[in-house]
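Here the structure is laid out as structure tokens; the discussion comes afterwards.
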There are 2 protein chains.
Amino acid sequence: MSRSRQPRRQATLASIAAELKISRTTVSNAYNRPDQLSADLRDRVFEVAKRRGYAGPDPMARSLRTRKAGAVGVLLTEALSYSFRDPAAMAFLSGLSEACESAGQGLLLIPAGPGRADEEAAQVVHRASVDGFVVYSVPPGDPYLAAVLERHLPVVACDQPREIESAPVVGIDDRRAMRDLAAHLISLGHREIGMLCMRLGRDRHDGVVDVTDLGAEHFHVQRERILGVQDAMRQGGLDPAGLTVVERFTHTSDDGYSAAAQISAVAPRITALMCTTDVLALGALRWAQEAGLDVPGHLSITGFDGIDEALREGLTTVRQPQKDKGRRTGELLLAAPSHTGVPAVETLDTQLWFGKTSGPVESAEWYAE
Amino acid sequence: MSRSRQPRRQATLASIAAELKISRTTVSNAYNRPDQLSADLRDRVFEVAKRRGYAGPDPMARSLRTRKAGAVGVLLTEALSYSFRDPAAMAFLSGLSEACESAGQGLLLIPAGPGRADEEAAQVVHRASVDGFVVYSVPPGDPYLAAVLERHLPVVACDQPREIESAPVVGIDDRRAMRDLAAHLISLGHREIGMLCMRLGRDRHDGVVDVTDLGAEHFHVQRERILGVQDAMRQGGLDPAGLTVVERFTHTSDDGYSAAAQISAVAPRITALMCTTDVLALGALRWAQEAGLDVPGHLSITGFDGIDEALREGLTTVRQPQKDKGRRTGELLLAAPSHTGVPAVETLDTQLWFGKTSGPVESAEWYAE
DNA sequence: GTGAAAGCGCTAACAG
DNA sequence: CTGTTAGCGCTTTCAC
């Protein structure tokens with residue numbers, strides 16, 4: 001016997017009002033403007049509501065009427081199922097959720113996986129009941145992003161180039177941070193530098209990257225980090241074209257492992273392996289250990305992000321305030337839309353973090369003057 | 001000069017129809033039933049829509065009319081900002097999002113943080129535009145959970161006791177898994193066992209737990225895991241009351257570290273430290289290393305979950321299919337609500353995973369017969 | 001304090 | 001293929 005004897009038809013504001021022989025307005029007020037009716041009547045309303053299994057005004061009807069969804073849409077780079085395994089993305093969401101939580105706003109994750117035709121992708125976005133969007137590190141030309149822009153709702157981006165006109169952007173100076181880290185390594189005597197990066201473009205590619213052809217069609221962040229290293233090389237008198245970069249389409253520690261193995265075969269003389277993310281670096285570190293290499297004696301390895309595990313492992317990396325980025329992005333979105341003309345660009349600070357995986361080139365006397 | 005010259009008032013289905021001098025139905029059909037009008041007319045509709053910045057039928061109005069929100073609500077144990085740092089919760093979400101993604105459903109994370117009065121909490125849940133809820137490991141008596149139940153929408157729970165009447169539950173047999181792991185340790189000669197667990201109840205408590213008083217008001221999962229160890233002790237001829245358990249309210253690796261330090265002071269004779277989660281175990285491991293203990297020589301340490309990092313570290317643990325749990329939970333929710341009377345209870349398999357952090361008690365000859 | 005009226009923007013029969 | 005009709009359930013002036 002089912003205990004949950006539901007009414008045939010869910011109760012509505014009107015049916016509650018009818019039962020109490022009062023107007024719908026009054027019932028509505030009971031929920032939205034307690035001061036507009038007597039406490040006594042209000043209690044009677046709730047009592048009937050409870051008995052009829054009415055949990056308050058229907059959210060959808062309410063949203064339609066008030067033109068507020070009470071949620072912000074989040075567009076992430078990757079399929080959700082992957083994103084949840086990406087520590088950096090999670091730290092971002094953590095900060096974002098803080099902002100939303102304190103504003104009582106929900107977070108609607110857009111199911112923006114690959115393998116959806118453009119039209120379908122647009123539909124998924126067009127049908128999201130949200131008051132605005134947060135866009136996190138989405139590649140140029142992404143159909144979901146295009147659809148977001150079509151909604152004409154407030155948008156705030158993070159880790160995104162300024163391509164989104166009139167949308168505030170939160171981020172860091174990826175290029176400068178990476179340049180500084182590379183400059184440090186070069187000052188330590190490194191002359192042959194290798195890099196591991198995650199996917200640069202929308203299409204699958206695993207392997208060596210042509211560093212002389214890094215167009216804007218690439219993922220902004222990855223591209224900037226590579227350019228940063230090249231900046232440092234140039235400044236240090238090295239040939240930026242001599243940089244070897246190996247790309248992985250997916251982004252796991254295992255990818256870092258295999259990419260490290262690959263780059264060591266392709267460019268065996270490198271003494272420094274700079275990874276564009278900590279996840280890759282952690283995998284590379286594991287490879288180096290298993291390959292019997294001394295880190296940093298034989299090979300310096302660096303990361304980027306400053307995820308917990310990397311810090312615990314003592315990885316040399318760039319710490320970036322992921323959580324703050326998320327929080328700030330949320331705050332910007334939730335704040336009254338500033339019609340002050342030019343949208344904000346907020347660049348947060350990063351910090352070079354010297355762990356135990358980087359050091360001077362061993363037997364680097366050759367290079368000494 | 002602002003490039004986004006928005007129309008004073010957003011375009012609507014009706015205004016598009018008016019401009020084209022056709023009926024609203026036809027415009028609606030252009031979006032929802034392409035086969036109901038000529039391709040030519042459809043294109044004209046889209047053209048006008050594009051020019052007017054109309055991104056398709058308003059999601060809220062659409063939801064009201066169709067009585068479908070196109071999203072499932074997710075209620076997590078903790079504040080969102082914390083949950084995003086919990087690998088097990090993320091693996092669950094990852095699986096859940098897979099199910100939702102392939103059904104084109106969004107995931108609406110309910111901002112169910114602490115520090116909201118009960119009435120406010122109810123409101124947050126009552127106002128969520130969703131077609132159903134997923135409830136993940138929420139403590140008994142939680143006001144958000146109560147509010148979810150009041151909505152009379154489909155609900156599927158995971159890692160939850162059967163308290164939610166008429167809702168399917170997905171989970172594992174925590175108690176048996178832990179019993180088996182404990183039995184293994186006991187067979188290895190361990191007689192003094194300690195445990196580290198995460199929060200057992202809604203109130204803050206850090207420190208030693210009274211294991212003779214584990215009531216139903218506690219978190220289901222944590223409680224079951226402790227009871228499992230006690231089962232094994234009983235079976236092994238040990239006194240279950242002799243189990244020392246240290247609890248931590250928050251759940252980070254650092255908590256594991258400090259809890260391990262604490263238990264070693266309180267119960268210095270333990271030779272096995274069983275943690276109810278990998279996160280805690282990883283912290284305990286770190287403490288043991290820094291304390292100069294040999295693991296497993298001096299102390300065996302075990303975890304629970306099978307998160308990536310734990311497996312990489314070679315932790316002895318129980319692997320549970322977190323992602324599958326999420327996926328299955330989503331599938332159950334998205335499937336046509338089975339009115340077959342008794343709600344499903346799905347218990348997924350776990351696997352004992354023997355790493356290098358557990359072993360026989362050293363100099364255990366004393367115990368040999 | 002309470003109620004009547006007027007939609008929010010859309011979809012789903014159904015009839016042409 | 002296209003249009004007419006009838007609401008979905010609610011909030012919000014504005015009077016009473």
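Every chain is numbered from 1 and lettered A, B, ... according to where its sequence line falls, protein lines coming before strand lines.
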Give the nucleotide from the list dG9(C), dC10(D), dT11(C) with an atom nearest to the side chain of Ala61(B). dG9(C)
N or O in side chain of Arg67(A) less than 4.0 angstrom from dC8(C) OP1/OP2: no
Got a donor-acceptor contact below 3.5 angstrom from the Ser23(B) side chain to the Ala17(B) backbone? no
Whole Å only: how far is the CG atom of Leu37(A) from the P atom of dT12(D)? 15 Å
OP1 or OP2 of dC1(D) under 4.0 Å from side-chain N/O of Asn29(B): no
Has the side chain of Arg24(B) got a donor or acceptor that lies under 3.5 Å from a partner of the other kind on the base of dT11(C)? yes
Could you give the CG-to-P distance, from Leu41(B) to dG3(D), as a whole number of Å? 8 Å
Using a 4.0 Å heavy-atom cut-off, does Leu64(B) contact any base of the nucleic acid, only the sugar-phosphate backbone, or nothing at all? base
How many Å lie between CD on Gln10(B) and P on dG9(C), as a whole number? 10 Å
Whole-Å gap separating P (dA12(C)) and NZ (Lys68(B)): 11 Å
Any donor-acceptor pair under 3.5 Å from Arg127(A) side chain to Arg62(B) backbone: no
Kindly say if Tyr54(B) contacts the phosphate of dG9(C), meaning a side-chain N or O under 4.0 Å from OP1 or OP2. no
With distance as the sole test, does Ser97(B) use its side chain to make a donor-acceptor pair with the main-chain N or O of Ser81(A) at under 3.5 Å? yes
Please tell me if Ser28(A) has a side-chain N or O lying less than 4.0 Å from either OP1 or OP2 of dT11(D). yes
Taking the basic N atoms (NZ, or NE/NH1/NH2) and the acidic carboxylate oxygens, is any pair closer than 4.0 Å for Glu47(A) and Arg44(A)? no
Whether Arg327(B) side chain and Ala99(B) backbone form a donor-acceptor pair below 3.5 Å: no
More 5' along DNA chain D: Pro59(A) or Ser38(B), using each one's nearest nucleotide? Ser38(B)
Looking only at side-chain N and O atoms, does Ser23(B) come under 4.0 Å of OP1 or OP2 in dT4(D)? no
Can you find a donor-acceptor N/O pair under 3.5 angstrom joining the side chain of Thr25(A) to the base of dT11(D)? no
At under 4.0 Å between heavy atoms, what does Asp40(B) touch on the DNA or RNA strands: base, sugar-phosphate, or nothing? nothing
Which whole-number value in Å describes the distance from Arg65(A) CZ to dC8(C) P? 8 Å
Separation of dC10(D) atom C1' from Ile22(A) atom CD1, nearest Å, is 15 Å
Atom-to-atom span, CG of Leu20(A) to C1' of dT2(C) - whole angstrom: 13 Å
Report yes if at least one side-chain N or O of Thr26(A) is closer than 4.0 Å to OP1 or OP2 of dG3(C); otherwise report no. yes
Considering every strand and a 4.0 Å limit on heavy-atom distances, what is the contact class for Leu13(A): base, sugar-phosphate, or nothing? base
Do the side-chain N or O atoms of Arg33(B) get closer than 4.0 angstrom to the phosphate oxygens (OP1, OP2) of dC1(D)? no
What nucleotide among dG9(C), dT2(C), dT2(D) has an atom nearest to a side-chain atom of Gln36(B)? dT2(D)
Donor-acceptor under 3.5 Å (Arg151(A) side chain, His126(A) main chain): yes
Could you tell me how far apart Lys21(A) (NZ) and dG1(C) (C1') are, to the nearest whole angstrom? 20 Å
